[in-house]
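Following: one structure in structure tokens, then a few remarks.
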Amino acid sequence: MNDLSSPQLIDRFGRKVDYLRISITDRCDFRCVYCMAEDMTFLPRAQILTLEEIYTLAEAFAQLGVKKIRITGGEPLVRHGVLDLLRDIGAISSLKELVLTTNGSKLTEMAAALKQAKVKRLNISLDTLDAVKFRAITRTGDLSQVLAGIDAAKEAGFERLKINAVILKNRNHHEVCELVQFAVDKEIDISFIEEMPLGVVSAHNRAEAYYPSHLIKADLAQRFALLSSISKTGGPSDYFNVIGTNTRVGFISPHSSNFCSSCNRVRLTVEGRLLLCLGNEHSVDLKQVIRANPGDMAYLKQVIVNAMQHKPEKHEFNLHEQPVILRYMNATGG
Ligand code: SAM
Ligand code: SF4
């Protein structure tokens, strides 16, 4: 059993948790078909954590040995005050990495400020290089804005940039080589993600749209030489170097290559629920804890330590059944 004299978060299976993903808003300017329903209702303000509460929770996790925090959403850059929050979290001295996932729509205005706020790396979502398909997948997005955002992020000089692409059969699977070539030309990394069944979506059938990582690898092998890499970023990607380039290609394969045995992360939803696993509903209500016990850091940390005992061994996703997990990805914090 864990205690507070050794500030570490260890679960029942001996896995050390040192990575926290925080969803700072469920709102977004896009409505990606795999992430949200078209007519989403968003949470009322009283139900979501304030920026001060998010900071307090980040600090508690850092005191418990968390070294990496990813800020995500929804679209994190649409939340008012995000830069102040990032500056505050970026100043926590024990934290090694503050990173952010974004859809890229606001990067032309915000990339330089994010760099100044000590954000080390950015993941930028980009599923297609075709403007019409981009609009169809995101329902509201403008490809040229995101491409300009990627250039602005390059200009700002982040340590590393990575594209995240969710690949759906017959929607964008034909484009995997073009996406890698784009990453090579920009000298950035790219990860391909298998779609996960979170929330009910109507635009496609998830089982039919499943395009596993091994097929993407086979498609890429026609054009690129990939060499398995030992590099890890503390996330679920398996990396390969594209030989002769500065680009790494990652595969996040929740279905075809379960990564649970090395899971080192937990998620905080914008409602203040600590999710112990992406694919299970086990959670602890930390918003209730901080609102009922204001200023009591010791108690908050003890609750977090105890919560690790509820981290499930693994996720079980089944694309052929109605989703068991009703929360959407935007409420989960991808
Ligand atoms: N709005 C930001 C963005 O799109 O990058 C951050 C939040 S988004 C939920 C984080 C990541 O989750 C994105 O790369 C997105 O493509 C991915 N994602 C969303 N829904 C998903 C799903 N059902 N399965 C797999 N990945 C998903
Ligand atoms: Fe918004 Fe990101 Fe979800 Fe797309 S994946 S709807 S950009 S939160």
Side-chain angles (χ1 to χ4, degrees), residues 21-40 42-43 70-79 82 99-107 110 114 119 121-128 134-143 145-146 149-150 153 161-169 171-172 179 189-207 209-213 216 235-237 250-256 259 265 267-270 275 278-279 315 317-319 323-334:
R21 294 188 177 187
I22 309 180
S23 173
I24 64 165
T25 177
D26 60 336
R27 287 164 198 262
C28 186
D29 47 349
F30 292 1
R31 296 283 182 280
C32 301
V33 290
Y34 43 74
C35 177
M36 290 196 191
E38 193 159 14
D39 55 342
M40 287 293 284
F42 295 105
L43 294 164
R70 176 173 300 284
I71 301 296
T72 179
E75 173 46 41
L77 301 185
V78 304
R79 176 130 190 204
V82 59
V99 294
L100 180 118
T101 304
T102 173
N103 65 21
S105 70
K106 303 241 172 309
L107 284 178
M110 297 177 77
L114 291 172
V119 175
R121 295 186 281 116
L122 295 182
N123 285 355
I124 305 168
S125 298
L126 177 69
D127 303 324
T128 172
F134 187 85
R135 172 57 66 100
I137 291 177
T138 60
R139 292 194 179 106
T140 60
D142 174 356
L143 176 66
Q145 211 178 9
V146 173
I150 292 172
L161 297 179
K162 179 164 76 96
I163 289 170
N164 275 346
V166 175
I167 299 301
L168 305 179
K169 188 174 176 184
R171 201 133 193 179
N172 62 348
L179 286 164
D189 295 334
I190 180 164
S191 276
F192 292 107
I193 307 176
E194 291 176 353
E195 184 189 11
M196 288 172 260
L198 301 177
V200 178
V201 294
S202 56
H204 59 283
N205 176 310
R206 280 181 155 143
Y210 177 48
Y211 199 74
S213 296
I216 302 176
S237 269
F251 296 91
I252 302 177
S253 319
H255 304 286
S256 61
F259 39 69
R265 55 204 159 270
R267 292 174 164 80
L268 181 66
T269 73
V270 70
L275 289 177
L278 181 66
H315 64 243
F317 287 135
N318 187 339
L319 290 170
V324 180
I325 306 293
L326 294 177
R327 82 185 118 75
Y328 287 97
M329 194 61 153
N330 70 308
T332 301

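First listed ligand is number 1; within each ligand, the first listed atom is number 1. Keep in mind that the numbers below use all heavy atoms, side chains included, and drop hydrogens, waters and symmetry copies.
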Does any part of the side chain of [Y], heavy atoms only, come nearer than 4.5 Å to the side chain of [X], both counted from C-beta?
X	Y	result
Leu100	Leu77	yes
Leu107	Leu122	yes
Thr269	Asp26	no
Arg31	Glu38	no

* Could you tell me which atoms of ligand 1, counted from 1 in the order shown, lie closer than 4.0 angstrom to a heavy atom of Thr102? => 2 (C), 3 (C), 5 (O)
* Asked: Numbering the atoms of ligand 1 from 1, which are under 4.0 Å from a heavy atom of Gly73?
  -> 7 (C), 9 (C)
* **Verdict with reasoning, Thr101 to Arg70, per side chain to side chain donor-acceptor pair (under 3.5 Å)** => CA-CA 7 Å; Thr101 304; Arg70 176 173 300 284; 3.0 Å; yes
* **Any donor-acceptor pair under 3.5 Å from Glu194 side chain to Tyr210 backbone** => no
* Decide whether the shortest distance between a heavy atom of Ser125 and an atom of ligand 2 is less than 4.0 Å. => no
* Structure fact -> Quick look: Ile124 vs ligand 1, heavy-atom contacts under 4.0 Å, and the answer is neither
* Select one of side chain, backbone, both or neither to describe which atoms of Thr72 lie under 4.0 Å from any atom of ligand 1, heavy atoms only. => side chain
* Results of side-chain contact (heavy atoms from CB on, under 4.5 Å) for Asp29 - residues two or more places apart only -> Glu75, Val78, Asn103, Ser105, Lys106
* Whether Lys162 lies under 4.0 Å from ligand 1, heavy atom -> no
* Can you tell me if Gly104 has a non-hydrogen atom under 4.0 Å from ligand 1? -> no
Shortest reach to [atom] by a heavy atom, considering only [options]:
atom	options	value
atom 2 (C) of ligand 1	Glu75, Glu195, Glu194	Glu75
atom 4 (Fe) of ligand 2	Cys35, Cys28, Gly73, Cys32	Cys32
atom 26 (N) of ligand 1	Leu168, Val166, Asp127, Asn164	Val166

* **Atoms of ligand 2 close to Met36 [distance to a heavy atom under 4.0 angstrom, numbered from 1]** => 6 (S)
